[in-house]
Protein chains: 2
Amino acid sequence: MNISEASSRTGLPAKTIRYYEEIGLIKPMRGANGYRAFRDKDIHKLAFLGRARALGFSIEDCRTLLALYEDDGRASADVKHVALQQLDQIDRRLEELKEMRATLARLVSACAGDSRPDCPILSDLAQRMGDD
Amino acid sequence: MNISEASSRTGLPAKTIRYYEEIGLIKPMRGANGYRAFRDKDIHKLAFLGRARALGFSIEDCRTLLALYEDDGRASADVKHVALQQLDQIDRRLEELKEMRATLARLVSACAGDSRPDCPILSDLAQRMGDD
DNA sequence: CCTTGACCTTCCAGTCACGGGAAGGCCCAT
DNA sequence: ATGGGCCTTCCCGTGACTGGAAGGTCAAGG
């Protein structure tokens, strides 16, 4: 299987697949012509990576998860640990975004949005008069 | 005022201040020795930038906002437009993170997290059996 | 006067996870 | 043999910085 088929089967761009090989996440075979030859195992791994990335795991976390996946003697606690850290990071990011959103929404609703120059958004950015 | 004082007054790292000069957001004077000499105007702008960045605005948005701030003939509608776009982007990011969080939380709670190898997190990543 | 240490400067490289595009080889059908 | 569509590697660019090296400057103490 060539890279374009691997791409369409996994939904990952060919560029991404080459990158994943470059950083050692997958090791596809090579044909006599130098083309990558993807086996089912590689497709499987790529799909795994795509789903882990969609959950926001970093590439290094993905590497860890893939290693755990391939280790029959793993402890599920190790997997859970990685996932809990990721959950925590998502929660922190959510908190941050919610605060931004609250402040921004308040400013936006205070701004007339007409042709006059007076603007509470700019006033706030200039002096941060309001709370948050 | 030297860069370290500008840094402590604005809360921005000196590196960041130099970067902002490099990309043309601020234009501090220079002393005879080549040191940057920050005036109140520069400090003010840097604080503005720091707050805009804290609301998640991109550097290019910050450039636009700063230009509007310095334009007495601006229309507040223009400011509001930029802010609304930012609000929209935050909302999209929030949605994405909430979905990730929901999936991840479900997987985490399904995982025993003990010494056994069976792990619903890995099973899901491997095959995406669940919904979503 | 000399040294020390804390400033300051510029420049280069690295981050993260790719994406764009060039230059060139390969494959298959006409 | 030619065309078009694959494939390859290689290098640069992204955003918004951060780290660090190499070297100039300044003020205080001996």
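Order of the sequence lines fixes the chain letters, A, B, ..., with proteins taken first and strands second; residue numbering starts at 1 for each chain.
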Inset, instruction - Provide, to the nearest angstrom, the distance between the CD1 atom belonging to B:Ile17 and the C1' atom belonging to C:dT9. - result: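 Result: 15 Å.
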Legend entry - Gap between atoms CZ and P, on B:Arg18 and C:dC11 respectively (whole Å): 12 Å
I need the full list of ring-ring contact (aromatic ring centres under 6.0 Å, His included) pairs touching [range], with sequence neighbours left out, sorted by first then second residue.
range	value
residues 60-79 of chain A	A:Phe48-A:Tyr69
residues 87-127 of chain A	none
residues 98-119 of chain B	none

Inset, instruction - Using a 4.0 Å cut-off on protein heavy atoms (strictly under), produce a 5'-to-3' string for nucleotides 14-21 of chain C with B for base contact, S for backbone-only sugar-phosphate contact, and - for none. - result: ---BBSBB
Legend entry - Net bend of the helix from C:dC1-D:dG30 to C:dT30-D:dA1, end axes of five pairs each, nearest 10 degrees: 40°
Within a strict 4.5 Å, meaning less than it, do heavy atoms of the [X] and [Y] side chains meet?
X	Y	result
A:Arg101	A:Leu97	no
B:Ser7	B:Leu12	no
A:Thr10	A:Leu49	no
B:Leu25	B:Glu21	no

Inset, instruction - Mind checking salt bridge (charged side-chain N to carboxylate O under 4.0 Å, His left out) for A:Asp118 and listing every partner two or more places apart, or none if nothing turns up? - result: none
With sequence neighbours excluded, residues passing side-chain contact (heavy atoms from CB on, under 4.5 Å) with [X]:
X	answer
A:Asp42	A:Pro28, A:Phe38, A:Arg39
A:His81	A:Gln85
A:Arg9	A:Met1, A:Glu5, A:Asp40, A:Ile43

Legend entry - Residue pairs, two or more places apart or on separate chains, that pass salt bridge (charged side-chain N to carboxylate O under 4.0 Å, His left out) and touch residues 46-62 of chain A: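 Sorted pair list: A:Glu60-A:Arg63.
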Legend entry - Interface residues of residues 35-44 of chain B with DNA chain D (non-hydrogen, below 4.0 angstrom):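 Here the set is B:Tyr35.
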Legend entry - Touch class at under 4.0 angstrom, heavy-atom based, for B:Ile3 against every strand present: sugar-phosphate
Inset, instruction - Spell out, as yes or no, whether a donor-acceptor pair under 3.5 Å connects the side chain of B:Asp114 to the backbone of B:Arg116. - result: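 Side chain of B:Asp114 to backbone of B:Arg116: a pair is present.
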Legend entry - Any A:Asn33 side-chain N or O less than 4.0 Å from OP1/OP2 of C:dC27: yes
Inset, instruction - Go through DNA chain D in 5' to 3' direction and return only the first and the last nucleotide with some atom under 4.0 Å of chain B's heavy atoms. - result: D:dA16 to D:dC26
